[in-house]
Amino acid sequence: MDLSSTTAYVFMPLPIYQAAPTTTGKTRGLWNTGTAELLTFFTSSTQTSSSKDYYYEVWGSASLSCDEERMFSVAYGHVSGSGSLNEGGEADDTPTRAIYSQYKLMCLDGNEGGFYLSASSQPLEDFYVININRDKFGDKLDPGNFEINFAELSGSGKANNVHTGSNVQVKANPSIITLIDDSADSQDQIETLSQTSYVRNLVSGSLQNGIYSNSNRHYYGKVFPSQGIILISAKALNQSSSFNTVTGSNISGDNSYKLFTSLSGSAAVTGNGFTARAIDIKHCSYYYCRVSNREANGTSNPTYIYQTPNNKGLIKNTRFHDNPITYITSIGLYGPDINGNQSLLAIAKMSKPIKKDPTTELSVTIKLEYWLLWQLHLLY
């Protein structure tokens with residue numbers, strides 16, 4: 001078989017078959033090195049003062065090592081912008097109003113009027129929020145496997161307008177409240193690991209003993225597992241932990257720092273920190289393709305064929321005219337893009353080039369695994 005005048009190509013289409021994709025979930029400790037409980041809490045002196053008007057970043061170590069990562073941030077939001085200074089723009093253009101609007105957009109559908117505690121007919125006027133670092137919680141928090149503690153605060157008799165974050169500390173012999181979500185799903189039996197989680201209520205209770213007073217639950221806020229957000233009623237923390245949230249107009253209340261003080265203080269007093277687990281959802285698809293003996297025996301690589309106009313496309317080495325040999329190095333996966341055109345989506349690389357000639361056929365199984373849209377892992 002003389003292929004000296006045959007035009008060959010570097011790339012060629014192949015029929016490909018896909019098996020039914022699978023989705024699985026894997027749980028892990030939320031914090032550094034996969035631990036489930038965070039016991040130390042630090043803010044950063046390098047965080048700008050302007051950003052602290054909106055939120056505080058919380059770290060697990062005081063080290064300046066590049067390996068250290070932000071664990072979560074704490075913030076305070078008010079529907080009318082109270083508890084913070086006007087930024088100089090429109091009326092009530094304050095950090096707390098911006099935070100309130102931000103989380104309303106992130107967590108609620110457009111037709112929802114606000115955040116409602118269970119059995120409440122009025123939306124929350126203000127709230128505290130814990131926003132876990134996306135790199136930490138992966139695809140979602142593991143419902144039924146997180147517990148958070150808050151210590152009672154003291155402002156030493158200060159009036160509300162000066163009961164700011166920097167003027168409060170943990171009360172001597174403080175009362176401690178422990179909060180969990182209400183899924184009671186510590187064994188991941190209510191919802192599968194791979195499904196999107198429902199919004200959960202934040203209630204009084206513990207992982208060890210479950211929900212406190214199940215017949216008369218004490219509601220503190222909402223948990224959004226898929227967003228890694230824990231939202232807590234300011235009114236509930238005022239009543240249970242003496243937060244005395246500053247809600248005056250055009251006053252820098254620094255309320256978000258109170259949440260940090262209460263959370264870190266509880267760990268220091270009781271030795272019980274912020275316990276949580278995360279779920280990483282892994283999607284897996286198998287693709288099968290076959291290269292017959294008549295396919296992929298030539299290439300348009302310029303080292304293999306001529307590029308000059310008179311003999312362009314002809315095989316240079318006469319030894320390959322009757323016995324062509326190529327080496328397959330990769331297989332591309334194509335799919336429709338946003339315009340409906342077939343575009344290259346991923347490339348499966350062979351562990352080593354595979355020899356191909358007219359006497360051989362090749363069957364390839366491609367395993368495509370991905371956790372998030374921006375994380376692709378090709379195995380073959």
For side-chain contact (heavy atoms from CB on, under 4.5 Å), just list the numbers for Asn201 and Lys222, CA-CA rounded to whole Å, side-chain angles, deciding distance to a tenth of an Å, and then say yes or no. CA-CA 5 Å; Asn201 292 305; Lys222 295 288 185 179; 2.7 Å; yes
Determine, step by step, whether Phe274 and Phe72 satisfy the ring pair (Phe, Tyr, Trp, His ring centres under 6.0 Å) criterion, reporting the C-alpha distance in whole Å, the side-chain angles of both residues, the deciding distance to 0.1 Å, and the verdict. CA-CA 11 Å; Phe274 186 171; Phe72 57 88; 5.6 Å; yes
Applying side-chain contact (heavy atoms from CB on, under 4.5 Å) to Tyr257 and Ser166, what does each step give before you reach the verdict? CA-CA 7 Å; Tyr257 195 75; Ser166 58; 5.6 Å; no
Decide side-chain contact (heavy atoms from CB on, under 4.5 Å) for Asn32 and Lys136; before the verdict, give the C-alpha distance in whole Å, the side-chain angles of both, and the deciding distance to 0.1 Å. CA-CA 8 Å; Asn32 274 356; Lys136 294 300 176 189; 2.5 Å; yes
When you look at Leu237 and Ile177, which way does the side-chain contact (heavy atoms from CB on, under 4.5 Å) test go after all the steps? CA-CA 9 Å; Leu237 289 178; Ile177 61 168; 4.0 Å; yes
Criterion side chain to side chain donor-acceptor pair (under 3.5 Å) on Ser82 and Ser80, from CA distance to verdict: CA-CA 6 Å; Ser82 299; Ser80 301; 5.4 Å; no
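Put simply, the side chain of Tyr212 does not reach to within 4.5 Å of the side chain of Val203, judged on heavy atoms. Put simply, the side chain of Ile130 reaches to within 4.5 Å of the side chain of Ile148, judged on heavy atoms. Contact check for Pro123 versus Phe115: no side-chain heavy atoms found under the 4.5 Å cut-off. Residues Phe146 and Ile230 form a side-chain contact, since some pair of their non-hydrogen atoms from C-beta on lies under 4.5 Å apart. You'll find the side chain of Tyr220 stays beyond 4.5 Å of the side chain of Tyr128, heavy atoms only. Put simply, the side chain of Ile331 reaches to within 4.5 Å of the side chain of Val364, judged on heavy atoms. At least one side-chain heavy atom of Gln47 sits less than 4.5 Å from a side-chain heavy atom of Tyr55. Counting only heavy atoms from C-beta outward, the side chains of Cys107 and Ile229 approach each other to under 4.5 Å.
Taken to the nearest 0.5 Å, the OG1 atom of Thr245 stands 9.0 Å off from the NE2 atom of His78. Remark: Asn341 CG to Asn339 CG distance equals 5.5 Å, nearest 0.5 Å. With rounding to the nearest 0.5 Å, the separation of CZ in Phe243 from CD1 in Ile232 is 7.5 Å. With rounding to the nearest 0.5 Å, the separation of OG in Ser183 from CZ in Arg200 is 5.0 Å. To the nearest 0.5 Å, atoms NZ (Lys355) and OG1 (Thr360) are separated by 8.5 Å. A distance of 6.0 Å separates CG in Leu368 from OG in Ser285, rounded to the nearest 0.5 Å.
A side-chain donor-acceptor contact under 3.5 Å links Asn133 to the backbone of Arg70. For the pair Asp357 (side chain) and Ile325 (backbone), a donor-acceptor distance under 3.5 Å is absent. For the pair Asn149 (side chain) and Gly273 (backbone), a donor-acceptor distance under 3.5 Å is present. A donor-acceptor pair is defined here as one N or O able to donate and one able to accept, closer than 3.5 Å; no such pair exists between the side chain of Glu147 and the backbone of Thr275. Between the side chain of Ser84 and the main chain of Thr96, a donor-acceptor pair closer than 3.5 Å is present. At least one donor-acceptor pair under 3.5 Å links the side chain of Thr40 to the backbone N or O of Gly60. The backbone N or O of Val246 lies less than 3.5 Å from a partner atom in the side chain of Asn255, making a donor-acceptor pair. A donor-acceptor pair is defined here as one N or O able to donate and one able to accept, closer than 3.5 Å; such a pair exists between the side chain of Ser264 and the backbone of Phe260. When atom types are taken as modelled, the side chain of Asn250 and the backbone of Asn86 share a donor-acceptor pair closer than 3.5 angstrom. When atom types are taken as modelled, the side chain of Asp181 and the backbone of Pro143 share no donor-acceptor pair closer than 3.5 angstrom.
Shortest non-hydrogen contact noted between Trp31 and Glu37 is CD1-C, 3.6 Å. The shortest non-hydrogen separation linking Ser343 to Asp337 is OG-OD2, 2.7 Å. Ala151 approaches Ser262 most closely through the heavy-atom pair O-OG, 2.7 Å. Here the closest non-hydrogen pair linking Ser266 and Ile176 is OG-CG2, 3.7 Å. Taking every heavy atom of both residues into account, Lys356 and Val291 meet most closely at CE-CG1, 3.7 Å. Closest of all the heavy-atom pairs between Tyr56 and Ser256 is CD1-OG, 3.3 Å.
Both Met106 and Ile99 are part of a single hydrophobic cluster, where members link through side-chain heavy atoms under 4.5 Å apart. Residue Val223 is not grouped with residue Tyr116 when hydrophobic side chains (ILVMFWY) are merged at heavy-atom distances under 4.5 angstrom, including chains of intermediate members. A single hydrophobic cluster is not seen to contain both Leu333 and Tyr288; linkage of ILVMFWY side chains at heavy-atom distances under 4.5 Å, directly or through other members, places them apart. Taken together through direct or relayed side-chain contacts under 4.5 Å among Ile, Leu, Val, Met, Phe, Trp and Tyr, Ile251 and Leu85 form parts of separate hydrophobic clusters. Leu179 and Leu39 fall into different hydrophobic clusters, where Ile, Leu, Val, Met, Phe, Trp and Tyr are joined by side-chain heavy atoms under 4.5 Å apart, directly or via other members.
Crowding of Lys171 atom NZ: a count of heavy atoms from other residues, nucleotides or ligands under 6.0 Å not exceeding 12. No more than 12 heavy atoms of other residues, nucleotides or ligands sit less than 6.0 Å from atom CD of Gln208.
Using cut-offs of 30° and 60° on the angle between ring planes, the pair Phe127 and Tyr103 is perpendicular.
Within the structure, the salt bridge (charged side-chain N to carboxylate O under 4.0 Å, His left out) test picks out no pair touching residues 250-278 (sequence neighbours left out).
Side chain to side chain, Asp126 and Tyr100 fail the donor-acceptor criterion of an N or O pair below 3.5 Å.
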